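Have a look at the structure below, then the notes.
All residue numbers in this chain count up from 1 along the given sequence. Computed from a prediction, not measured in an experiment: that's the story for all the values here.
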Amino acid sequence: MSIPGGIILKFHRLAANFGRLKQQTLELQDGLNILQAPNESGKSTWCAFLTAMLYGISSRERDRAAAIAEKNRYAPWDGSPMQGRLDCTDSGGRELTLMRATVRDGAPMGAFRALYTGTGEPVPALTGANCGETLLGVPREVFERSAFIRQAGLPVTADPELERRIAALITSGEEGVSCSEASAALKLQLHRRRFNQRGELPGAEADLAALREKLDIMARQRQTLLELRQQTEALSARLAETEEQLTRWQRRHAAEALRQQEELTRQLQQAQAAADALRSRLETEHVPENEAISRLRGAIVNLETVRKSVEKAREDRDEALKALLQAEAAVSESPFTGQTPEQACREAQSSAPGRVSGGVSLRELSIFFLFLALGAAGTFWAMSRCSGLDSPLFRLLPWTVLAVMTAAGWYVSRLYRRHTAQVQWDAARRKRFGAADPAAIAAMAETYARLYQAREEARAEADRRSAAADSLYATLSANEQAILLEVRRFAPTAFTIPAADQLLRNAARQRRELTEAETAVREARLRLELTGRRIPAAPLPSSVQPPRESEETLTARREELQRQLTDLRRQTDHLSGQIAAAGDPDVLAARAEQLECRIRQLSGEYDALALALEVLTAANADLQNRFSPALGRRAAEIFRQLTGGRYTGVALDRAFRLSAEPAGDTLYRDARLLSAGALDQLYLAVRLAVCQLVLPEEKNIPLVLDDALANFDDARCAAALDWLRREAEHRQILLFTCHSREAAHFRDDPAVRIARLE
């Protein structure tokens, strides 16, 4: 098949001596390759082999643990050296043959050769270290997080190399998280090597002694593990014998269950007929659902609460009206009735046209007697100065006396008039207020002001309570009408609340009868299913001879054997886990040799890490907008196609956490809330978007999918396969699967290669 668009990178043939693959080959073609094989047949091993051929098995310090795991996991089962071959075409159209072999145990597949296919001429500048990055244009970390898609590794995780690739797409976004994570990792590494008196440097010598002790413990554990496995085999044999005898009892019970099945089938048919009849009657009578019945009956119950509230509000209104009448009566009894408090206060403070108090005051009497004293003194002085009757002063004496007496008479007359006016004023006040004392009248005015204020407050309270009562009554009437209108939709004769309540009770009873009938059907069906499970698929013999021992004895023996076997297996698993966790003895011995070199390296690494942290801190100031919206949009387009339009949007934050936007919903849903299948489809969409937008366009890196569609349902699997078929027009795709539906989907498509691996 020829792929349009020019020459692209593609793989032709793989030959592997790798894990369970013993000198096996895998032929590939351009476009989409469906590689079908059952579980544990080597699909994941082929994927790991392809990665190892491109990038090798890393021996760097930070990847040493993973390298040891790959060395042990994919060591050839027959003990032969790990090796392989890959024939491919690079993006420049050159036919290449890549070969890797194991020369020494510490460097699996470390010997690398790259030749032009069909010749012995080596490819210049292509080494085992740079092979994958040169051919694919991306380092191993980016390839494993983008084009290499495994079922167990679908989520996209953050990686510095991948982020550097994504940085090429930056147009907007947020800042700093990746640099912060890298900075935290560098600080962690610094602390791991040197932090006060702790770290790897002071602990290296202690690690060497601990490794030797660990090797001795592992030897003793292996011996114990061998003994436990022998005991497990013996118990398993006894358990199998007991299970065989219990099987004979089960066959005997199955024959009895077959007879019960016939009776239960008849009961199920009767219950189903009764339920169908009830359901038909409810549909004919238009009986509402339980939800509507419960809601309406609840509304009727609430009417009683509202009605009681109306009665209480009316009682409060009557009490307020009584209080208003009492306040108005108290105001009308006051002599100031009809006036405002201000007018009453002014009237109480008004005074009479003379002295306010009755009688002649001490001051007025003092003035009167002062006039008399002055007259007498003047007369006495004039007489004492007179020398005779003919004296001029003596002649003035009568006139002086007359003037004094005239002034005294005028003053007395004035006092009398004022007293008379005061008496008349006091009489008028006493007639109106019952008292002439200004203080008493002022107290009456203050009392009137309080009564007036109390009357106004009582009037306002009466108005408020009347309004509340009217509002509650209007609410009660509206609720009653709303309930009756809704009930009359299915019961036209309901014109009162009691009638509506009775109709709803009847409807609830009918729905309850239907529910009970349906429950009876389910119970009958469940009993029938449980009975059917006791009947084996194979035909039963005419007679089954029961074992000599009773079923109870055999069951108890089986439980005891299972318990003992479980204990042994738990001990075996625990011990196996301890041995596996301890690691390979050869690796531990090699590590002991490396510890001495490690101590010398740690100081240099510490300085390098400190320098890297300083450089990273400086670069963090210039790094902006970590992710491009184009990645989210492209992932959303793919996710929409995979889910048939169920989801229309995808959002990624700086740590590759995902959320999806369902169609017709404005809120994004966190990826953890999706089902396992939808979550795998979301992860796959992001992976494919990363491949299209982040990976080098000129390379057209092939996609490798290892059971990536296992959790997809048939419809979404078909959508994903159609998408991959279209994508295969631009790049080679290897789809390893344990299902047959992928092959069936492309059964009539000659452009898709379908291979069934042995």
Check: Ignoring hydrogens and geometry, is there a side-chain-to-backbone donor-acceptor pair from Asp665 to Glu661 under 3.5 Å?
Finding: no
Next item on the list: Using atom types as modelled and distance alone, determine if a side-chain donor or acceptor of Lys22 lies under 3.5 Å from a backbone N or O of Ala16.
Entry: no
Next item on the list: Indicate whether any N or O donor in one side chain lies under 3.5 Å from an N or O acceptor in the other, for Asp706 and Ser44.
Entry: yes
Next item on the list: Check whether more than 12 heavy atoms from other residues, nucleotides or ligands sit under 6.0 Å from atom CZ of Arg672, and answer yes or no.
Entry: no
Checklist line | Derivation and outcome, side chain to side chain contact (heavy atoms under 4.5 Å, CB included), residues Cys738 and Lys43 | finding: CA-CA 8 Å; Cys738 62; Lys43 300 187 301 299; 3.9 Å; yes
Notebook entry, point to check: Are Thr232 and Arg569 close enough, and set up right, to give a side chain to side chain contact (heavy atoms under 4.5 Å, CB included), and what steps lead you there?
Noted result: CA-CA 7 Å; Thr232 301; Arg569 287 173 176 168; 4.2 Å; yes
Item checked: Residue pair Ile149 / Tyr683, side-chain heavy-atom distance below 4.5 Å -> no
Next item on the list: Evaluate the side-chain proximity of Leu735 to Leu35: yes if any heavy-atom separation is below 4.5 Å, no if none is.
Entry: no
Check: Can Glu141 and Arg145 be counted as an ion pair, charged N to O under 4.0 angstrom?
Finding: no
Check: Sub-3.5 Å donor-acceptor pair from the side chain of Ser80 to the main-chain atoms of Pro76, do we have one?
Finding: no
Checklist line | Side-chain donor-acceptor pair present, His739, Asp707, cut-off under 3.5 Å | finding: no
Next item on the list: Measure across Arg725 and Ala751 and return the closest heavy-atom pair with its distance rounded to 0.1 Å.
Entry: NH2-CB, 3.2 Å
Next item on the list: Calculate, to the nearest 0.5 Å, the distance between atoms CZ and CE belonging to Phe112 and Met99 respectively.
Entry: 9.0 Å
Notebook entry, point to check: When you measure from the side chain of Asn130 to the backbone N and O of Ala125, does any donor-acceptor pair fall under 3.5 Å?
Noted result: yes
Next item on the list: Kindly indicate whether the side chain of Leu26, heavy atoms from C-beta on, has any atom under 4.5 Å from the side chain of Leu757.
Entry: yes
Note to self: Salt bridge check, Glu727 against Arg731: does any charged N sit closer than 4.0 Å to a carboxylate O?
What the structure shows: yes
Checklist line | N-O pairing of Arg640 and Glu637 below 4.0 Å | finding: no
Checklist line | Criterion side-chain contact (heavy atoms from CB on, under 4.5 Å) against Leu98, the qualifying member of Leu115, Thr117, Leu135 | finding: Leu135
Notebook entry, point to check: Which atom pair, heavy atoms only, marks the closest approach of Trp46 to Thr25?
Noted result: CH2-C, 3.8 Å
Margin query: If you apply the rule side chain to side chain contact (heavy atoms under 4.5 Å, CB included), what do you find for Val752 with Ile34, and how did you get there?
Written below: CA-CA 7 Å; Val752 178; Ile34 304 297; 3.7 Å; yes
Check: If you round to the nearest 0.5 Å, how far is CG of Leu734 from CG of Leu32?
Finding: 9.0 Å
Checklist line | Cationic tip of Arg150 above Phe148 ring, under 6.0 Å, 45° of axis | finding: yes
Next item on the list: Verify the distance criterion only: is there a donor paired with an acceptor across the side chains of Thr737 and Gln36 at less than 3.5 Å?
Entry: no
Next item on the list: Would you mind reporting whether Tyr647 and Arg669 have side-chain heavy atoms less than 4.5 Å apart?
Entry: yes
Checklist line | Taking every non-hydrogen atom, the tightest pair across Met82 and Tyr74 | finding: CE-O, 3.2 Å
Next item on the list: Taking atom types as modelled, find out whether Arg100 and Gln83 have a side-chain donor-acceptor pair closer than 3.5 angstrom.
Entry: no
Check: Are the side chain of Arg753 and the backbone N or O of Glu27 linked by a donor-acceptor pair below 3.5 Å?
Finding: yes
Notebook entry, point to check: Using a distance-only test with no angle check, is there a side-chain donor-acceptor pair under 3.5 angstrom linking Arg716 and Gln681?
Noted result: yes
Notebook entry, point to check: Roughly how far, to the nearest 0.5 Å, is the OG atom of Ser146 from the CD1 atom of Ile701?
Noted result: 6.5 Å
Note to self: To check you understand the geometry: which heavy-atom pair defines the closest contact between Ala635 and Ala685, and what is its length?
What the structure shows: O-CB, 3.6 Å
Notebook entry, point to check: Rounded to the nearest 0.5 Å, what separation is found between the CG atom of Leu14 and the CD atom of Gln24?
Noted result: 11.5 Å
Notebook entry, point to check: Hey, does the side chain of Asn33 reach the backbone of Ile754 with a donor-acceptor pair shorter than 3.5 angstrom?
Noted result: no
Item checked: 4.5 Å side-chain heavy-atom contact, Ile733 and Pro702 -> no
Check: Among side-chain atoms of Asp573 and Ser576, is any donor-acceptor pair under 3.5 angstrom?
Finding: no
Margin query: Please find the pair of heavy atoms, one from Phe712 and one from Ala720, that lie closest to each other, and give the distance.
Written below: CE2-CB, 3.9 Å
Note to self: Working to the nearest 0.5 angstrom, can you tell me the gap between Arg229 CZ and Ser236 OG?
What the structure shows: 13.0 Å
Note to self: Heavy-atom count check: over 12 atoms from other residues, nucleotides or ligands less than 6.0 Å from Arg13 CZ?
What the structure shows: yes
Check: Are Leu225 and Ile579 close enough, and set up right, to give a side chain to side chain contact (heavy atoms under 4.5 Å, CB included), and what steps lead you there?
Finding: CA-CA 9 Å; Leu225 181 62; Ile579 294 174; 3.9 Å; yes
Note to self: Please determine whether the number of non-hydrogen atoms from other residues, nucleotides or ligands lying under 6.0 Å from atom CZ of Arg113 exceeds 12.
What the structure shows: no
Notebook entry, point to check: Hey, does Leu642 have a side-chain heavy atom less than 4.5 Å from the side chain of Ile638?
Noted result: yes
Margin query: Check whether Gln732 reaches the backbone of Phe11 with its side chain - one donor and one acceptor, N or O, closer than 3.5 Å.
Written below: yes
Item checked: Under-4.0 Å salt bridge between Arg85 and Asp87 -> yes
Margin query: How close do Ala15 and Phe49 get, counting heavy atoms only, and between which atoms?
Written below: O-CZ, 3.1 Å
Next item on the list: Drop me the distance from Thr45's OG1 to Leu21's CG, to the nearest 0.5 angstrom.
Entry: 5.5 Å
Item checked: Test item: Thr102 side-chain N/O and Met109 main-chain N/O as donor-acceptor pair under 3.5 Å -> yes
